[in-house]
**Student:** 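Just passing along the structure, written as structure tokens.
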Protein chains: 2
Amino acid sequence: MAEVTRRERLRAATELEIRQHAHRLLVQQGQDAVTLRAIARELGITAPALYRYYGSREDLLRRLGKDICTDLATELDGKLDSVGSDDHLTKVFTVCRGFRQWALAHPREFALVFASPTGEIGGDEQIRQDEFGSVFLGILGPLMAEGASLASSEQAPADIGPELATNQEALASAFSHEGIEMPPEALGPDAVHSLLRWWARLYGHVALEVFGRFPFDIRKADRLFESILSELAHEAGLGES
Amino acid sequence: MAEVTRRERLRAATELEIRQHAHRLLVQQGQDAVTLRAIARELGITAPALYRYYGSREDLLRRLGKDICTDLATELDGKLDSVGSDDHLTKVFTVCRGFRQWALAHPREFALVFASPTGEIGGDEQIRQDEFGSVFLGILGPLMAEGASLASSEQAPADIGPELATNQEALASAFSHEGIEMPPEALGPDAVHSLLRWWARLYGHVALEVFGRFPFDIRKADRLFESILSELAHEAGLGES
DNA sequence: TGAACTAAGTAAACGCCGTTCACACCGTAC
DNA sequence: GTACGGTGTGAACGGCGTTTACTTAGTTCA
């Protein structure tokens, strides 16, 4: 009956507990406080025991990042459901606002996942979507598939076409790798261009706001953020909401 | 004659050497390799001696960040001189391209200065322009003062006016704190809005590119970056270069 | 010139850290 | 019941930031 043995249950429970304590340490005291010894201390075991679960501290942090991404994606999906609108623009806005809201509420998680210089710089040639833009892709992808109207009006500059065409393949394979079916007609250069623009602006604003790195102290960036959304919508040929 | 004593000369030399070795370690091996002991080792002294120069490792890294910002600002100013054009748009483009180029060539420095979660999150109320947007302000400020035409065409959304008005004061004081004289007419809500937009997009694109965090692998982001510049210029009411 | 003072550097130590290794333990499987 | 493999331990290594007491050497001033 029990396909899972006692040991497997215990192992799963311990692994979960490790990640929970690691996450708590991250939230409460920041990335540097997520030490193997601290986690082990809270679990009532010794540090070397953690090596039965993760190859290194780096490994654990990577896994933690993935978990956080999953949480974020789940939260954004939830908001998308709860808003319950079929309007394309409303959905996109919901995701963008949700992302900003999440980042402001979880600055340390955001820093770990979205601003860690861990990724090797001149890195590998293959697609690197590990624990980052996959969230963006996973949410925006279906939206793009649903309404290819995104980027229907403002077309990408003519001379950028070939450049984006190659990216088009990479994007398609990234989507399929994520298990998302994308109709080819939704992946024209314009769509790719638009997607990149959304992501860069959204990320830029949110990162600057979370890190308090605007050139001066912005008291409330809500308005600025909304104006950015309006701009994007306008440029994408979607009516103002 | 020698107002500076022998000790002062030695001290200054040692301090310089410390920063040089720290910088080298950062460039070659990353932030984590910038340890007090490693620096001391290379200097042929012991680690505690460094405490005669810096209060802590954190202090040293902060100072290093400031140095890097100075270098960056100098480099951008140099490019601005060497391009030798009076065209406003050309100057702005030069700065933006220079910033991207610098970031790609100095990823570790970029990460230290522009993507370190060091800044306390919910931080202090005062202006925080420490070692970050000051570069942007310092370069773009004079450009804004010179040609208030920036943001002359595309006006900020009407409802964002009051919001930006308060930022206007903060921006003015930030400029004066940087020793930059800004004519008040160059600091209207539109200008502030435009400045923030430039900074957020520039930062967003560059950070994503440096960290390789676009949702998929962008082979050459040159074209995309240029299209972003074109967009910004277009929106700011400046003709294409 | 020589004595008082000050700043730079040292050695030792404390308490962290990640990681490795030999070893004990116990659930599992034959 | 015995052999095996996964789980946790304890000790240890080397490295880290930082503190403290101490030596050494440059400066200052009578």
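Values below: every heavy atom of this structure, side chains too, minus hydrogens, waters and symmetry copies. Each chain gets a letter, A, B and so on, in the order the sequences are listed, and its residues count up from 1.
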**Student:** Between C:dC16 and A:Arg41, is there an OP1 or OP2 to side-chain N/O distance shorter than 4.0 Å?
**Tutor:**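 The answer is no; no side-chain N or O of A:Arg41 sits under 4.0 Å from OP1 or OP2.
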**Student:** 5'-most contact on DNA chain D: B:Leu10 or B:Ser56, nearest heavy atom basis?
**Tutor:** B:Ser56
**Student:** Taking atom P of C:dA7 as reference, at what distance in whole Å does atom CD of B:Glu15 sit?
**Tutor:** 15 Å
**Student:** So, is B:Tyr53 close to the C:dG9 phosphate, meaning a side-chain N or O under 4.0 Å from OP1 or OP2?
**Tutor:** yes
**Student:** Tell me the interatomic distance from A:Leu50, atom CG, to D:dG6, atom P, rounded to whole angstroms.
**Tutor:** 18 Å
**Student:** May I ask you to evaluate whether A:Arg57 reaches the phosphate of C:dG18, defined as a side-chain N or O under 4.0 Å from OP1 or OP2?
**Tutor:**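 For A:Arg57, the contact criterion (side-chain N or O under 4.0 Å from OP1 or OP2 of C:dG18) is met.
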**Student:** Could you check how far CG of A:Asp32 sits from P of D:dT18, rounded to whole Å?
**Tutor:** 12 Å
**Student:** Of the candidate nucleotides D:dT18, D:dA11, C:dC17, which contains the atom at the shortest distance from the side chain of A:Ala38?
**Tutor:** C:dC17
**Student:** Taking only side-chain N and O atoms of A:Thr46, does any of them lie within less than 4.0 angstrom of OP1 or OP2 on D:dG8?
**Tutor:** no
**Student:** CG of B:Asp59 versus P of D:dG17: gap in Å, rounded?
**Tutor:**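 Distance, rounded to whole Å: 14 Å.
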**Student:** In whole Å, what is the span from the CD1 atom of A:Ile39 to the C1' atom of C:dG18?
**Tutor:** 12 Å
**Student:** Specify the separation, in whole Å, of atom CD1 of A:Ile45 and atom C1' of D:dG10.
**Tutor:**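 Distance check: A:Ile45 CD1 to D:dG10 C1' gives 14 Å.
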**Student:** Would you call A:Asp59-A:Arg63 a salt bridge at under 4.0 Å N-O?
**Tutor:** no
**Student:** Hey, does the side-chain of A:Arg11 have a donor or acceptor N/O within less than 3.5 Å of a partner on the base of D:dG6?
**Tutor:**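 Donor-acceptor pair under 3.5 Å: no.
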**Student:** The side chain of B:Arg37 lies closest to which of these nucleotides: D:dA11, C:dA13, D:dT27?
**Tutor:** C:dA13
**Student:** Would you state whether a donor and an acceptor, one from the side chain of A:Arg52 and one from the base of D:dG8, lie under 3.5 Å apart?
**Tutor:** yes
**Student:** Show your reasoning for whether side chain to side chain contact (heavy atoms under 4.5 Å, CB included) applies to B:Phe211 and A:Phe114.
**Tutor:** CA-CA 9 Å; B:Phe211 296 147; A:Phe114 292 96; over 6 Å; no
**Student:** Please determine, for the side chain of B:Leu36, which listed nucleotide (D:dT20, D:dG17, C:dC21) has the closest atom?
**Tutor:**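 Looking only at side-chain atoms, B:Leu36 lies closest to D:dG17.
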**Student:** Which is more 5' along DNA chain C, the nucleotide nearest B:Arg7 or the one nearest A:Glu8? Just name the residue.
**Tutor:**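 Nearest-nucleotide comparison on DNA chain C picks B:Arg7.
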**Student:** Identify whether NZ of Lys or CZ of Arg in A:Arg11 sits under 6.0 Å from the centre of the six-membered ring of A:Tyr53 and within 45° of that ring's axis.
**Tutor:**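 Judged by the rule (NZ or CZ under 6.0 Å from the ring centre, within 45° of its axis), A:Arg11 counts as positioned above A:Tyr53.
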**Student:** Determine, for A:Arg108 against A:Asp32, whether the closest basic-nitrogen to carboxylate-oxygen distance falls under 4.0 angstrom.
**Tutor:** no
**Student:** What's the shortest heavy-atom distance between B:Phe225 and B:Cys96, and which atoms?
**Tutor:**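 Residues B:Phe225 and B:Cys96, closest heavy atoms: CZ-O, 3.6 Å.
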**Student:** B:Tyr54 has an atom OH; how far is it from atom P of C:dG9, in whole Å?
**Tutor:**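 Interatomic distance, OH of B:Tyr54 to P of C:dG9: 13 Å.
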**Student:** Once you round it to whole Å, what is the distance between P of C:dC16 and CD of A:Gln29?
**Tutor:** 13 Å
